[in-house]
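In what follows, every heavy atom counts, from backbone to side chain, and hydrogens, waters and symmetry copies are set aside.
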Amino acid sequence: MRMSSLFLRTLRENPADAEVPSHQLLVRAGYIRRVSPGIYTWLPLGLKVLKRVEQIVREEMDAIGSQELLFPALLPREPYEASGRWTEYGPNVFRLKDRKENDYLLGPTHEEMFTLAVKDMYSSYKDLPVSLYQIQIKYRDEARPRAGILRGREFVMKDSYSFDLDEAGLDKSYQQHRDAYIKIFDRLGFHYVIVQAMAGAMGGSKSEEFLATAENGEDTYVRCANCGYAANVEAVQVAAPDPIPYADLPASHVEDTPDTPTIETLVTHLNSAFPREDRAWAAGDTLKNVVVMLVHPDGSRAPLVIGIPGDRDVDEKRLGAQVEPAVVAAFEEADFAAYPSLKKGYIGPEVLGEASESGIRYLVDPRVVDGTAWVTGANRPGHHVLDLVAGRDFTADGTIEAADVRPGDACPSCGHALESARGIEMGHIFQLGRKYAEALDLKVLDEHGKQRTVVMGSYGVGVSRAVACIAEGNHDDLGLVWPRDISPADVHIVATGKDRVRDPEVFETAERLTRGLEAAGLTVLYDDREKVSPGVKFKDSELIGVPTIVVVGKSLENGVIEIKDRRSGDRREVPVADAVTEILAEVN
RNA sequence: CGGGGUGUAGCGCAGUUUGGUAGCGCAUUGCGUUUGGGACGCAAGGGCCGCAGGUUCAAAUCCUGUCACCCCGACCA
């Protein structure tokens, strides 16, 4: 690549709409350009980087025997109608119509297409297992795209799917992908963690995420320094205590608690009106019953009450993950009017439960085990019930993981204190099970001639996101600093001469060097621009971020060129005659 | 969807309070000087001031409406 003709324009100033370093630098260094919110053009340098990331992913997928294919991005409605996702996916899908008013969508993910492709071509257990993948442009109409290509509405994703006859096969396919992902993310040079995750909108069971660790990441996860447990907050399982015998506990009793609609006012009142002998009342002694409205994909609405210890709040992300595909809406004043048994601020278990008169579903935090005693609402304004014992005085319809998770909470695996950190989701693997195979009727004949529903796994890597994420983790004040395996070029040669007439030796040496390195198989970005001052060329080379910069200029008088390491800033001089050899040694 | 903000040249911005012929820096073009850390001088090209309506002799500026975009939150591989 010759800079004199490369389609490139570097910017001295940051674009006004870029906040995060990766976005600022990728635009300034001429890798990408914004076209529309969350939609970017890959310019020549950026495309080189994207292709290199793709290639690493491709090699590792091929290595586990997965086969690449390519589906259209433009898809008909019917398969998504059949799987239920035409509605479940909601407003995040880009939808469009053709001239005959038929519905289409731009694929947000391709489970249906893979499932149908296998159904179309395979019908025997002998055909399984099979693993297929594509590297595709995906579309999601994000409510708020942000951070450049880190979270776009159009993005490149590798998605693959495994098809097995049974769960044992799925476990094996899952493990293969897991191993491949470790290789991919190692090669991409990420600092990452593998965390337990929710299967999310795709449905399914076992699931793990690969998160690039980043302080400004969008995903929060917890980890245990003691046993290595790590999980996305959405997927954290609360360490539930053992049930407590409650034969000797005092009976429950309703008390006057005027003007105590909040946990804070209630605790203050308890401590003045009903002081405990052993210690003061605390928020954690109360059972907070939070009511929300669930909106199901078919549009139906139903209230849900969640009982959690009063010192905690409902974490909306965790709750949302639990109730998916339903979405959580606020419980409005009008809803209270429609459900008169719910007294705002004084809701108690007595009127709750699917078996109760109200029929309102009631789920409690896993900490609310049998034998625990609580202060909670008595379903009358200004009244609470004390010593209400779970298992004796009330029984919920089940438990729900909706309370917030905090640093210091017990690790569900070993009991040690959990710590919290943030990351960016780069990969997600999960066991889909039979959801799509059933919805789309993907079956094969087994060895006994019986129809068996195929078991699927689904695995994704955010390819374009990886480019942003690598940039995010590899830059300094001057610009980008690409890892060698990702860089758009192996070497950036800077010729600092005035022009070919006045400094023929500089340009001739640089060109000879370029040809020599290219002949040796390297890709070279050669700054052959004439009448451009050295300062500009140095700044551009630092901004662009090729890991090895070779300067051909002034020092030629002494018969040497300079080799500069972009990351460390170290530079050394080598004789022109040894230059190709020395640079090859540097790069390998 | 809630809160905050911004739309003026390819990019970054001033001008809007107080209406009077569209500005600055970078980038681009030409000439000259300069060439190891984003050089300098002179000259030049480039604008539907987001859009629509209104007020006015006169609107980037005032009024009404509308659209778009950015940031925080909500939501989301």
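- Using a cutoff of 4.0 Å between basic side-chain nitrogens and carboxylate oxygens, Glu154(A) and Lys138(A) are not scored as salt-bridged.
- Residues passing the side chain to side chain contact (heavy atoms under 4.5 Å, CB included) test with Arg95(A) are Trp86(A), Val93(A), sequence neighbours excluded.
- Here the two rings, on Phe71(A) and Phe114(A), have centers that are under 6.0 Å apart.
- Comparing Arg9(A) and Gly460(A) by the nucleotide of RNA chain B that holds the closest heavy atom to each, the one mapping nearer the 5' end is Arg9(A).
- Partners of Ala73(A) under the side chain to side chain contact (heavy atoms under 4.5 Å, CB included) rule, at least two apart in sequence or in another chain, are Gln136(A), Tyr139(A).
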Where protein sits on nucleotides 66-75 of chain B, one letter per nucleotide: B base, S sugar-phosphate only, - none, heavy atoms under 4.0 Å: ---SSSBBBB

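- For the pair Glu154(A) CD and rA77(B) P, the interatomic distance rounds to 19 Å; values are reported in whole Å.
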For residues 35-45 of chain A, please give each side-chain donor-acceptor pair under 3.5 Å, one per line with the distance, not counting sequence neighbours.
from, atom 1, to, atom 2, distance (Å)
Tyr40(A), OH, His23(A), NE2, 3.1

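- Taking the six-membered ring where tryptophan is involved, the planes of Tyr459(A) and Tyr181(A) are perpendicular, since the angle between them exceeds 60° and thus also 30°.
- Ion pairing of Glu142(A) with Arg153(A) is absent here, as no side-chain N (NZ or NE/NH1/NH2) approaches a carboxylate O to less than 4.0 Å.
- Distance CD (Glu111(A)) to P (rA77(B)): 12 Å, rounded to an integer number of Å.
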Going 5' to 3' along nucleotides 29-45 of chain B, which nucleotides have protein heavy atoms under 4.0 Å from the base (write B), which only from the sugar-phosphate (write S), and which from neither (write -)? ------BBBBS------

Pair up each side-chain donor or acceptor in residues 466-477 of chain A with any protein partner under 3.5 Å, not counting sequence neighbours, and list the distances.
from, atom 1, to, atom 2, distance (Å)
Glu472(A), OE1, Ser22(A), N, 3.0
Glu472(A), OE1, Ser22(A), OG, 2.6
Asn474(A), OD1, Arg567(A), NH1, 3.4
Asn474(A), OD1, Arg567(A), NH2, 3.2
Asn474(A), ND2, Ile470(A), O, 2.7
His475(A), NE2, Glu472(A), O, 3.3
Asp476(A), OD1, Leu478(A), N, 2.8
Asp476(A), OD1, Gly479(A), N, 3.1
Asp476(A), OD1, Arg566(A), NH2, 2.8
Asp476(A), OD2, Arg566(A), NH1, 2.8

